[in-house]
Amino acid sequence: MQGKKSYKGYFVFFILLLVYLVFALRYSPIFEHLGSDKEVFQYIGMLIKNKGLPYSDAFDHKPPVIYLINYLGVVLTPNSTWGVFVILNSLGFFSALLIYKLAANELKTVILPILLCISFFCINNSNGLLEEGNLTRQLAAFLTIGILYIVFIGKKTNIKKALIGFLIGIIFFTQQNEILGGLVLCGYYLLFEKGFNIYTFKSILKNSFFFLLGLLIPIVGILLIINHWNNYNDFINQVFLFNFSNYIEDKSFIIKIGAVIYKFAKIVYVNKVLLVISLFIIYNLLSNRKNEKGWNINSKWIVVFVALIFQIASTSISGKTYGHYFLMFIPYVISLFIFSFNSIKSNYVNYASIIMLGVLVFYTVKVLPYQKPDNLMLSVLTKEVASVKGEKGQFYSLNARYLRVNFNLNITSPSRHIYSLYINDDIAKEVIEDLLVNKTKYVLFDNRDVDILPQSLQSFIYLNYKAVITYKAHTLFKKQIIIPNKSLD
């Protein structure tokens with residue numbers, strides 16, 4: 001009997017791994033498109049490997065965990081994105097297994113949890129959410145699934161209380177504003193026994209002690225790393241002060257929340273797997289109605305729903321609604337689906353499984369065909385700039401996407417300002433000095449930035465460099481060498 005259970009477990013693992021690889025492969029280095037945020041993170045990972053410092057040698061406003069993940073990726077596969085792809089997808093597959101275990105534990109069946117796990121693959125690896133991958137919220141969503149698993153499966157232990165504190169700390173140093181939903185889950189775990197029976201004050205203090213003990217590990221660890229880098233001021237200014245003064249939009253918080261809810265509703269409508277899961281949640285709740293006065297709602301569902309509300313507020317802080325921001329919603333929506341099957345007959349679970357299978361097959365046939373990206377510009381740039389491969393400060397891209405050239409050729413940027421979005425007159429002066437000091441040979445200019453880049457920087461480039469390659473909106477300039485301009489159009 002034990003052998004059969006073990007065999008079934010291995011079979012489920014193999015099936016889920018195979019399907020996961022099918023969906024993840026489209027974002028592998030074989031098929032990947034250039035991104036924006038991920039190019040910055042990969043570049044900074046390379047910079048750390050080359051003894052450079054985040055914040056001091058490369059301006060960016062994310063906490064350091066994503067840079068450290070990319071650093072590990074570069075160590076595994078130098079000048080290749082396979083390393084970080086393997087790291088993130090190992091975490092992604094592990095979190096998917098936790099979803100399967102969570103669903104199997106609650107639903108007491110196998111098929112629907114498998115289908116739900118595959119649904120997670122589909123949703124999490126959709127272009128509208130994952131975009132080009134290697135994102136802070138991608139990692140934070142995986143960690144949130146870990147918190148959900150700990151909170152709702154198994155007996156409470158001191159180690160688990162410390163572990164959820166540890167995970168909250170890692171989420172904070174991955175994406176600062178995405179911890180509110182997780183804190184709700186942690187609060188429930190620390191304050192309540194089964195259901196909503198509150199612990200004694202003494203037990204709450206004990207639980208909080210172990211939570212804080214776990215939380216201290218990433219806090220102390222990150223601060224020690226920042227101390228090793230010796231750039232506390234740059235870290236504070238960029239990760240906290242800059243975000244408050246420049247990145248958060250000055251709008252009514254109610255308007256921000258409305259925009260986030262509206263954008264997520266559009267995502268749900270477009271992503272048919274997510275739409276079907278959402279409709280099941282609503283139908284299941286209606287089916288669980290006891291009488292005209294109330295519903296028989298699982299207490300776990302209530303906790304997750306409250307956590308989702310706080311997560312919506314958390315995501316709304318910046319006022320922006322990029323698709324990948326909603327990766328953080330997926331763990332909560334899937335958990336709401338799992339916990340909505342309360343007092344529902346097994347036959348209904350079978351019908352739900354058939355519907356889920358049909359939707360997944362339809363989705364897979366529609367979206368899976370892999371498409372090779374158009375990386376002609378990257379190939380031509382890399383070939384031209386290869387003459388300065390490995391030479392510090394010899395290629396400067398004003399477009400974050402083409403930091404991939406720096407990454408591929410192991411060329412550190414001459415300036416810490418590695419994308420054009422926040423370059424003002426003072427920063428332009430600093431960039432010009434960096435180009436002069438490093439005698440930078442190549443500069444890549446995105447002509448679409450002509451309205452946002454200071455005129456002083458544009459004039460310096462045109463006066464000291466000659467265009468050697470143009471392709472669509474981009475021009476590659478080479479220092480002091482007059483070469484007929486070649487067009488790839």
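Position 1 is the first residue of the sequence; numbering continues from there. Atom set for the values below is all heavy atoms of this structure, side chains included, hydrogens, waters and symmetry mates excluded.
For NZ of K263, the number of neighbouring non-hydrogen atoms (other residues, nucleotides, ligands) closer than 6.0 Å is greater than 12. Shown here is F240, whose CZ atom has more than 12 heavy atoms of other residues, nucleotides or ligands within 6.0 Å. Atom CZ of F253 sits in a crowded spot, with more than 12 heavy atoms from other residues, nucleotides or ligands closer than 6.0 Å. Within 6.0 Å of the CD1 atom in I159, the count of heavy atoms belonging to other residues, nucleotides or ligands does not exceed 12. Atom NZ of K101 has 12 or fewer heavy atoms from other residues, nucleotides or ligands within 6.0 Å. Summarising the local packing, NZ of K272 is surrounded by more than 12 heavy atoms from other residues, nucleotides or ligands at distances under 6.0 Å.
Between K38 and E131 there is no salt bridge, since no side-chain nitrogen of the basic residue lies less than 4.0 Å from a carboxylate oxygen of the acidic one. The pair E32-R404 meets the salt-bridge criterion, since a charged nitrogen lies less than 4.0 angstrom from a carboxylate oxygen. Salt bridge present: D446 and R448 bring a charged side-chain N and a carboxylate O closer than 4.0 Å.
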Give the C-alpha distance, both sets of side-chain angles, the deciding distance and a yes or no for ring pair (Phe, Tyr, Trp, His ring centres under 6.0 Å) between Y20 and F13.
CA-CA 10 Å; Y20 185 88; F13 177 86; over 10 Å; no
For side chain to side chain contact (heavy atoms under 4.5 Å, CB included), just list the numbers for C186 and I168, CA-CA rounded to whole Å, side-chain angles, deciding distance to a tenth of an Å, and then say yes or no.
CA-CA 9 Å; C186 293; I168 282 291; 3.4 Å; yes
Worked check of side chain to side chain contact (heavy atoms under 4.5 Å, CB included) between F395 and L409
CA-CA 10 Å; F395 174 73; L409 298 176; over 6 Å; no
Between E106 and K300, is a salt bridge (Lys or Arg N to Asp or Glu O under 4.0 Å) present by the stated rule, with each step listed?
CA-CA 10 Å; E106 189 70 21; K300 298 176 184 177; 3.1 Å; yes
With side chain to side chain contact (heavy atoms under 4.5 Å, CB included) as the criterion, how do Y100 and L116 come out once you've worked through the C-alpha distance, each side chain's angles and the decisive distance to 0.1 Å?
CA-CA 7 Å; Y100 167 77; L116 186 60; over 6 Å; no
Criterion side chain to side chain contact (heavy atoms under 4.5 Å, CB included) on V385 and V388, from CA distance to verdict:
CA-CA 6 Å; V385 180; V388 292; 3.7 Å; yes
Chi angles and distances behind the ring pair (Phe, Tyr, Trp, His ring centres under 6.0 Å) call for F41, F407:
CA-CA 10 Å; F41 304 153; F407 180 84; over 10 Å; no
Stepwise side-chain hydrogen bond (donor to acceptor under 3.5 Å, both in side chains) test for D60 and Y67
CA-CA 10 Å; D60 196 37; Y67 308 144; 2.7 Å; yes
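Here the side chains of P63 and T174 are not in contact, with every heavy-atom distance at 4.5 Å or above. Using a 4.5 Å cut-off on side-chain heavy atoms (C-beta onward), L444 and Y396 make no contact. For the pair S56 and W229, the minimum side-chain heavy-atom distance is 4.5 Å or more. The closest side-chain heavy-atom distance from L185 to F152 is below 4.5 Å. No side-chain heavy atom of V151 sits under 4.5 Å from any side-chain heavy atom of V303. Between N399 and Y419 the shortest side-chain heavy-atom distance does not fall below 4.5 Å. Residues I427 and N424 are in side-chain contact: their nearest non-hydrogen atoms beyond the backbone lie under 4.5 Å apart. Residues I222 and P64 meet the side-chain proximity criterion, which asks for heavy atoms closer than 4.5 Å.
Distance check, rounded to the nearest 0.5 Å: CG of N158 to NZ of K160 gives 11.5 Å. Annotation: the span from I170 atom CD1 to I147 atom CD1 amounts to 10.5 Å, rounded to 0.5 Å. Taken to the nearest 0.5 Å, the CG atom of L435 stands 15.0 Å off from the OH atom of Y442. Atom-to-atom distance recorded for L53:CG and R416:CZ is 12.0 Å, nearest 0.5 angstrom. Atom CG in L403 sits 10.5 Å away from atom CG in L47 (nearest 0.5 Å).
Remark: aromatic rings of F339 and F305 are distant, center separation not under 6.0 Å. For Y422 and F242, the gap between ring centers is short of 6.0 Å. Note: Y232 and Y55 fail the aromatic proximity criterion, with ring centroids not under 6.0 Å apart. When ring centroids are compared, H474 and Y402 come within the 6.0 Å threshold.
Taking the six-membered ring where the residue is Trp, F326 and F264 present parallel rings, their angle staying beneath 30° rather than reaching 60°. Taking the six-membered ring where the residue is Trp, Y325 and Y322 present perpendicular rings, their angle passing 60° and hence far from 30°.
For the residue pair T315/E178, the side-chain donor-acceptor check at 3.5 Å is satisfied. For the residue pair D449 / S420, a side-chain donor-acceptor distance below 3.5 Å is found, with atom types taken as modelled. Q138 and H324 share no donor-acceptor pair across their side chains, judged by distance under 3.5 Å alone.
Looking at N89, its side chain does come within 3.5 Å of a backbone N or O of F85 through a donor-acceptor pair. Here the side chain of N50 pairs no donor or acceptor atom with the backbone of G52 at under 3.5 angstrom. A donor-acceptor pair is defined here as one N or O able to donate and one able to accept, closer than 3.5 Å; such a pair exists between the side chain of N271 and the backbone of L274. No donor-acceptor pair under 3.5 Å is formed between the side chain of K389 and the backbone N or O of T382. Under a 3.5 Å cut-off, the side chain of Q176 and the backbone N or O of V239 do form a donor-acceptor pair. Judged by distance alone, the side chain of S340 and the main-chain N or O of F337 form a donor-acceptor pair under 3.5 Å. Between the side chain of R401 and the backbone N or O of L34 there is at least one donor-acceptor pair closer than 3.5 Å. Not a single donor-acceptor pair under 3.5 Å links the side chain of K51 to the backbone N or O of I48. Looking at N231, its side chain does come within 3.5 Å of a backbone N or O of P54 through a donor-acceptor pair. No side-chain donor-acceptor contact under 3.5 Å links N410 to the backbone of G390.
Taking both residues in full, the closest heavy atoms of S95 and F142 are given as OG-CD2, 3.4 Å, listed atom of the first, atom of the second, then distance. Across all non-hydrogen atoms, the minimal contact from L88 to I69 is CD2-CG2, 4.3 Å. Looking at every heavy atom in both residues, I99 comes nearest to C117 through CG2-CA, 4.4 Å. The two residues G393 and T440 have their closest heavy-atom pair at O-OG1, 2.8 Å. The two atoms that bring Y363 and S126 nearest to each other are OH-CB, 3.4 Å, heavy atoms only. Taking all atoms of both residues into account, the shortest heavy-atom contact from V260 to F329 is CG1-CZ, 3.8 Å.
In summary, of the residues considered (N125, N127, N134), a side-chain hydrogen bond (donor to acceptor under 3.5 Å, both in side chains) with Y27 occurs for N127 alone.
In terms of the ring pair (Phe, Tyr, Trp, His ring centres under 6.0 Å) criterion, F310 has no residue partners (sequence neighbours excluded).
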